[in-house]
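What follows is one structure encoded as structure tokens, with my remarks underneath.
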Amino acid sequence: MQDSAKTTPLHGWHGKAGANMAVFGGYDMPLWYPTGAKQEHIAVLTGAGIFDTSHMAALTVEGPGSFDLLQRCFTKDLSSCIGKNKTPIEDGRCVYGIFLNRDGTTIDDAIVYRMGTTSYMIIVNAGMGGEIAVHLKTHTGSLEAEVTDLTDRLGKIDVQGPLAARILQGVIKKSGEVFQKMPYFSFKGHFDASSPLSEAVRLTNDAPLLLSRTGYTGEFGFELFMDASRLADTWEMILDAGSDFGITPCGLAARDSLRAGAVLPLSHQDIGHWPFLNNPWLFALPYNEARTDFVKKFLGDEALRTAKDVHYTYPFAGYDLRKVSTHDSARVFDSLGNEIGVVLTCATDMAIGRVGDRIFSIASPDKPQDFKPRGLSCGFIKVKSKLFSGDSVEIRDSRRSIKVMIVDDIRPDRTARRPLKDMVWKREEDI
Amino acid sequence: MKEIGELVIPGDARYAEDHEWARLEGEDVRIGINDYAQDQLGDIVFVELPQVGDTFEKGEEFGTVESVKAVSELYMPLGGEIVAVNEDLEDAPELVNQEPYEGGWMILVKPSDQAEWDDLMTKNAYLDLLKGE
């Protein structure tokens with residue numbers, strides 16, 4: 001471990017569990033446990049995985065100017081962002097968006113939670129709490145909004161996979177009530193016992209909890225925010241409740257392969273110091289219906305309007321599990337052999353495979369009998385020329401060249417948006 | 001991650017700095033990666049091996065091993081001709097994790113220079129190297 005690396009309150013637990021550790025975002029974090037990243041990845045598709053994600057940073061914005069400050073700095077239009085009808089954000093809802101520089105390049109991506117009319121929580125990536133706090137303060141101007149960096153004061157556990165709700169039913173008080181009306185990208189409760197919101201979700205050990213129906217795997221599940229002091233006993237309690245369901249501690253390797261297969265970007269790798277355009281995540285921008293302009297003003301809007309020759313970011317899927325290494329700048333070549341760009345992410349989704357011209361996952365309801373996938377390489381490329389779904393390109397590192405296909409989506413039949421009512425025990429006595 | 005005391009490092013094999021093991025079998029030498037290497041790499045999902053009949057110098061790359069973490073080169077602990085490769089790894093690369101010194105072996109080599117065997121580290125010398133890492 002690097003001397004300068006920070007640790008989460010579960011660092012000792014990871015060590016005792018035999019995890020392989022590495023520094024990520026300034027924190028010494030588990031890459032995988034003795035189970036191995038492949039089984040961890042599969043557990044999240046078929047059962048449940050538990051992740052220590054306390055390296056992620058949290059901030060709050062409070063005060064009458066909070067909404068306007070976020071409208072100014074965050075790409076999502078908070079006045080039209082919920083559901084098909086694009087209604088305004090409300091208490092208990094959260095949205096994904098980007099913090100841009102004035103030149104349209106990405107500082108970080110984030111999820112913004114509305115805790116109250118004048119109170120918001122922001123979750124950004126590891127080590128980014130300070131920078132985003134400074135950024136928001138710089139742009140507060142005359143607005144009445146107070147920004148607080150909560151870095152290292154919160155603990156965070158992700159429970160992801162189709163059995164996540166059933167496991168949490170065993171550790172959350174009045175779970176039947178809590179799990180009523182909790183759509184994807186909504187939350188309940190609060191991590192601070194002094195908040196009136198904290199009554200809404202309590203663990204059986206009485207720890208107050210902010211329970212969010214979000215995650216970074218593409219699968220059904222929750223993110224649990226709590227005071228850092230409650231992290232260790234809550235982790236043990238969930239493991240205990242999940243032991244009959246095969247709950248599997250998962251490290252960052254599985255988190256990476258799961259998110260790549262779910263076409264979710266890694267900040268500072270798939271989005272970064274280039275204009276946030278021509279990528280699969282433009283739903284984070286406040287476009288009008290015709291996609292001809294933005295419906296609000298925000299930092300970076302002018303740069304995005306006038307940007308020229310921005311490279312195109314596309315998801316790809318390979319034909320077997322071999323990947324290229326992005327450490328030695330893997331490059332992309334078109335069918336004529338011309339170099340057209342770089343590989344941003346290349347991971348292996350170990351739970352998918354091709355049958356004919358279709359990709360199936362081990363969780364696909366209509367998968368062929370005896371389907372035993374070996375995995376497919378997948379990820380994102382950034383190229384100077386426009387490509388279309390179905391196009392073939394070669395990605396090449398110093399060692400090998402692999403043919404891959406541009407795709408709209410990678411791992412099929414993901415569970416993230418499944419109705420919660422289908423994912424819980426129906427009767428008290430089943431818990 | 002395994003502590004050094006937890007690693008299985010058999011005394012009947014010799015070791016290279018790049019964490020390959022080598023074991024004498026008559027005139028030939030069987031080669032694979034050791035317990036430390038497989039533990040560091042994590043789940044091994046693909047092994048790329050040479051053809052029987054290929055010859056390599058000591059230190060040359062003879063293949064790659066792909067884990068969830070990375071693709072890593074495999075280096076010859078000694079020079080020679082490949083006389084057999086472990087074809088089981090094509091369908092079961094996880095054998096390298098499960099039994100690195102048995103079913104997870106990679107190549108069988110006819111050495112070109114016996115002196116190169118003598119240069120390989122004994123178990124104790126290799127453990128000293130690890131302690132220094």
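Numbers restart at 1 for each chain; the letters A, B, ... are given by sequence-line order, proteins then strands. These numbers were taken from a predicted model, which means no experiment stands behind them.
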Report task. Using a cut-off of under 4.5 Å on heavy-atom pairs, state which of B:Lys2, B:Glu3, B:Glu73, B:Glu61 scores highest against chain A. Result -> B:Glu73
Report task. Check whether any side-chain heavy atom of B:Val71 lies under 4.5 Å from a side-chain heavy atom of A:His327, and answer yes or no. Result ->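 Not touching, per the 4.5 Å side-chain cut-off.
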[X] atom [atom1]: more than 12 heavy-atom contacts under 6.0 Å:
| X | atom1 | value |
| --- | --- | --- |
| B:Glu90 | CD | no |
| A:Phe24 | CZ | no |
| B:Asp118 | CG | yes |
| A:Gln269 | CD | yes |
| B:Glu6 | CD | yes |

Report summary line: Scanning both residues in full, the closest heavy-atom pair of A:Trp32 with B:Gln40 reads CZ2-O, 3.5 Å
Report task. Compare every heavy atom of B:Asp43 with every heavy atom of A:Gln39, then report the nearest pair and how far apart it is. Result -> N-OD2, 4.1 Å
Query raised in the report: Heavy-atom distance under 4.5 Å to chain B: side chain of A:Met350, backbone, both or neither?
Result: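 When you check distances to chain B, only side chain atoms of A:Met350 fall under 4.5 Å.
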Query - chain B contact via A:Ala37 - side chain, backbone, both or neither, heavy atoms under 4.5 Å - result: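 Contact with chain B involves both backbone and side-chain atoms of A:Ala37.
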Atom [atom1] of [X] and atom [atom2] of [Y]: how far apart are they, to the nearest 0.5 Å?
| X | Y | atom1 | atom2 | value |
| --- | --- | --- | --- | --- |
| B:Glu48 | A:Arg400 | CD | CZ | 5.0 Å |
| B:Leu41 | A:Asn20 | CG | CG | 9.5 Å |
| B:Phe46 | A:Asp320 | CZ | CG | 6.0 Å |
| B:Met1 | A:Tyr33 | CE | OH | 14.5 Å |

Requested in this report: Please state whether the side chain, the backbone, both or neither of B:Thr64 comes within less than 4.5 Å of a heavy atom of chain A.
Outcome: side chain
Query raised in the report: Relative to chain A, which segment of B:Asp39 carries a heavy atom at a distance below 4.5 Å: side chain, backbone, both, or neither?
Result: both
Query - Residues A:Lys38 and B:Glu94 bridged, charged N to O under 4.0 Å - result: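 No salt bridge links A:Lys38 with B:Glu94.
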Requested in this report: Could you tell me whether A:Arg322 and B:Glu66 have a side-chain N and a carboxylate O separated by less than 4.0 Å?
Outcome: no
